[in-house]
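Just so we're on the same page: letters track the sequence lines, and every chain starts at 1. None of these values were measured; they are calculated from a predicted model.
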Number of protein chains: 2
Amino acid sequence: MGIVRKTKGVTTILKFFNQKGEATSVVHLIDLLKDKMNKTTVYRILDRLEHDGIIHSFNGKDGLKWYAKSIGCSADQHLDEHPHFQCTKCDKVECLPVEVKIPTIKNHKIDSTNILLLGKCEACSD
Amino acid sequence: MGIVRKTKGVTTILKFFNQKGEATSVVHLIDLLKDKMNKTTVYRILDRLEHDGIIHSFNGKDGLKWYAKSIGCSADQHLDEHPHFQCTKCDKVECLPVEVKIPTIKNHKIDSTNILLLGKCEACSD
DNA sequence: ATATTTTCGCAACTTTGTTGCATTAACAGT
DNA sequence: ACTGTTAATGCAACAAAGTTGCGAAAATAT
Ligand SMILES: [Mn+2]
Ligand SMILES: [Mn+2]
Ligand SMILES: [Zn+2]
Ligand SMILES: [Zn+2]
């Protein structure tokens, strides 16, 4: 189930994603909010926000779970099919508003993609 | 460091990859070999084999670590830049011998890619 | 055969994420 | 504004994946 009650925690996390704009790992968010709410609560609020299409999740390098704000999604329509970029130096992640063409694979029905590009971000390039 | 001594454990895991051919999650391999060797040993042998370019690793869905045999790689040259397919029903993973064109991203130097395609495999399609 | 040093097993630990349950707090209805 | 319902939270305990340190065992070099 998605968000039903607008609790203090929900408001806090919503504000975070609206202000910050950037993607965040769950680990980082838990640490950031450790004085305000329990980690279980963070996980559960993120679940509900994703269910409602307000944020979307993906796996960064090392398999860590990340979240970022969604645009144009709802509980019915999750159309966040975009690749992500992660810097191997500073670990920052960006949602990439581009389309990656996936070749058709014989005898395989592809439902979704999970594309992570690794490299150096602008700030970390030398 | 890579493989220096050809131990029983190394031989067992090498044989596994040569015979089976398919990709395997570390978790599965540990379970399969639980009577023959310790999980720490499995992790360490996989590390060394990957370092030597004999196998390669990637993250499957839920961020789990998987390994598969490499072709044409060495300790110096790791050129396993291919996407992977994972079935959402039976969890099976396949290395895909295709090339995915990644558009250039302004101000970003992309060093490697991590592409996981999710869907139904041939056996699981209805 | 013996010495050297890599590799292994084991136990303990870390990190990420989940579950159950009692308590708290939204909020709908009056 | 008060009250009842139930969603949401905190907490503690747990689970799974993966790592570390160290003494013992097993490869391999001499
Ligand atoms: Mn995104
Ligand atoms: Mn592969
Ligand atoms: Zn960077
Ligand atoms: Zn399947």
Response to the item:
Taken to the nearest whole Å, CG/L49(B) to P/dT6(C) is 17 Å

Worksheet item: Rounded to whole angstroms, how far apart are CZ on R5(A) and P on dT24(C)?
Response: 15 Å

Worksheet item: Which residue lies toward the 5' end of DNA chain D, T7(B) or V42(A), if each is placed at its nearest nucleotide?
Response: V42(A)

Fill in: 5' to 3' contact window, DNA chain D with chain B (heavy-atom distance under 4.0 Å)
dA17(D) to dT28(D)

Worksheet item: To the nearest 0.5 Å, what is the distance between OG (S70(A)) and CD (E50(A))?
Response: 7.5 Å

Fill in: Distance, rounded to the nearest Å, where I13(B) contributes CD1 and dT7(C) contributes P
13 Å

Discussion item. Nearest 0.5 angstrom please: D62(A) CG to L64(A) CG, how far?
Written reply: 6.0 Å

Response to the item:
Sorted by chain and number, sequence neighbours left out, salt bridge (charged side-chain N to carboxylate O under 4.0 Å, His left out) with D31(B) holds for K34(B)

Taking only nitrogen or oxygen atoms into account, show me every contact under 3.5 Å that the protein makes with nucleotides 14-19 of chain C, one pair per line with its distance.
residue: dG17(C); atom: OP1; partner: K65(A); partner atom: N; Å: 3.4
residue: dG17(C); atom: OP2; partner: Y43(A); partner atom: OH; Å: 3.0
residue: dG17(C); atom: O5'; partner: Y43(A); partner atom: OH; Å: 3.3
residue: dG17(C); atom: N7; partner: K39(A); partner atom: NZ; Å: 3.1
residue: dG17(C); atom: O6; partner: K39(A); partner atom: NZ; Å: 2.9
residue: dT19(C); atom: O4; partner: T40(A); partner atom: OG1; Å: 3.4

Practice prompt. Would you check if there is a donor-acceptor pair between the side chains of K65(B) and N59(B) at a distance under 3.5 Å?
Written response: no

Worksheet item: For K20(B), does the NZ atom have more than 12 heavy-atom neighbours from other residues, nucleotides or ligands under 6.0 Å away?
Response: yes

Response to the item:
When rounded to whole Å, the CG to C1' distance for the pair N38(B) and dC10(C) reads 6 Å

Discussion item. Between K69(B) and N18(B), does the side-chain hydrogen bond (donor to acceptor under 3.5 Å, both in side chains) criterion hold? Intermediate values first, please.
Written reply: CA-CA 7 Å; K69(B) 204 177 164 179; N18(B) 285 328; 3.0 Å; yes

Worksheet item: CE of M37(B) to CG of D35(B): how many Å apart, nearest 0.5 Å?
Response: 11.0 Å

Discussion item. For E81(B) and S112(B), which I'm curious about, is there any donor-acceptor pair between the side chains at under 3.5 Å?
Written reply: no

